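All ligand and atom numbering here is 1-based and tracks the order in the structure. Atom set for the values below is all heavy atoms of this structure, side chains included, hydrogens, waters and symmetry mates excluded. Please read all numbers here as calculations on a predicted model, not as lab measurements.
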Amino acid sequence: MNWNNTVLVVGSAGRIGQAVVAELQRRTIPVRGFDLVKTPGLDDCVVGDITQGEDLKRAATGIGTLIHLAATPDDDDFPTKLLPNNIVGVYQVMEAARLGGVRRLILASSGQVNWWQRTAGKLPVRVEDPPSPRYWYAATKMFLEAIGRGYAESHGIGVIVVRLGWCPRTPEQAQEIASSEWAQDVYLSPGDAGRFFACAAETRTDIRFAIVYASSNPIHRVHFDLEPARNLVGFVPQETWPQGSERVEALKR
Ligand SMILES: NC(=O)c1ccc[n+]([C@@H]2O[C@H](COP(=O)([O-])OP(=O)(O)OC[C@H]3O[C@@H](n4cnc5c(N)ncnc54)[C@H](O)[C@@H]3O)[C@@H](O)[C@H]2O)c1
């Protein structure tokens, strides 16, 4: 396995990807990007498709830590969007990581994997609570979590799964959050997202497999139990809705 410091961010040109790249750069951690399009502000980036294994294998060779963000990031047509990007793409990313000798994988899951407990008001939702996936998108994230466990145990790769709160990608989503108390409580600012992934990449704790939640600080009620993220990788959110949401307009592609 590689002890190279370079972190490969797959999905580096997206809403969360750009925040992660910026935070890694701020910490002077070497970073390589991978996305369908070029990543602004990042010279070392591979333009490729996660459904194609060869592009990924090239990018992952010699990499120590891989952060996997690339996906169709919400419910969408299953056969044409979720199946290639969130199922086939996950297979290709996991295989590229294994073949490339990646030591730690950090996988972006979603709070939507335990949706119905949260909407029933049984709060806070904890990692050990049984999942209740919202729909197809959340079901693909269950697949991601499950195969993450399989690769940790079968191949000795350290795997951290993070169930993320809501980091708005559009002004419309930011408007939705502005008008909903629960959405404000699961809000994840780009800054806190960047800090979570940087903490997970930097921690020296020996982790075989773990699932944690990550969001910014809730305002009204705690929806996600953030203690495991604090204990495991030292992540403590620094922002609260609407801090950081003004940057929604600023996403460059
Ligand atoms: N933003 C949120 O609220 C949120 C919440 C929970 C989980 N997540 C997860 O976090 C991750 C990042 O989400 P985001 O909000 O930054 O989404 P995003 O759409 O802004 O970014 C996703 C990136 O992945 C890239 N991508 C998609 N398909 C690809 C492919 N086939 N090959 C290469 N690159 C591809 C896109 O070009 C894009 O840059 C996703 O896995 C998403 O499911 C996001």
For Thr51 and ligand 1, does the shortest N/O to N/O distance drop below 3.5 Å? no

With the threshold set at 4.0 Å, does a side-chain nitrogen-carboxylate oxygen contact exist between Glu145 and Arg149? no

Parallel, tilted or perpendicular: which describes the rings of Phe235 and Phe196, with under 30° parallel and over 60° perpendicular? perpendicular

Val37 to ligand 1, any heavy atom closer than 4.0 Å: no

Heavy-atom nearest pair, Ala138 first then Val113, reads O-CG1, 3.8 Å

Distance-only N or O hit between ligand 1 and Thr72, under 3.5 Å: no

What part of Gln112, side chain, backbone, both or neither, has a heavy atom within less than 4.0 angstrom of ligand 1? neither

Is it the side chain (CB and beyond), the backbone, both or neither of Ile16 that lies under 4.0 Å from ligand 1, heavy atoms counted? both

Purely on distance, is any nitrogen or oxygen of Ala70 under 3.5 Å from one on ligand 1? no

Quick check on the hydrophobic clustering: are Tyr187 and Ile219 connected, directly or via other members, by side-chain heavy-atom contacts under 4.5 Å? yes

Indicate whether the side chain of Gln92 and that of Asp49 have a donor and an acceptor atom separated by less than 3.5 Å. no

Would you check whether Ser12 reaches within less than 4.0 Å of ligand 1, judged by its heavy atoms? no

Below the 3.5 angstrom mark, is there an N/O of Gly14, backbone or side chain, next to an N/O of ligand 1? yes

For ligand 1, does Ser109 get within less than 4.0 Å through its side chain, its backbone, both, or neither, judged by non-hydrogen atoms? backbone

Using heavy-atom distances only, which candidate in Val46, Asn85, Val162, Val90 approaches atom 28 (N) of ligand 1 most closely? Asn85

Contact between ligand 1 and Gly48 is defined here as a heavy atom of the residue under 4.0 Å from a ligand atom; is it met? yes

Does a side chain donor of either Gln117 or Asn114 reach within less than 3.5 Å of an acceptor in the other side chain? yes

Of all heavy-atom pairs between Ala174 and Pro168, which one has the smallest distance, and what is that distance? N-CB, 3.8 Å

Pair Tyr213-Glu227, side-chain donor/acceptor within less than 3.5 Å: no

Have a look at ligand 1 and work out which part of Arg163, if any, has a heavy atom under 4.0 Å from it: side chain, backbone, both or neither. neither

Tell me which one of Val10, Asp35, Leu144 gets a heavy atom nearest to atom 23 (C) of ligand 1. Asp35

Below 4.5 Å, heavy atoms only, C-beta onward: do Val212 and Val233 meet side chain to side chain? no

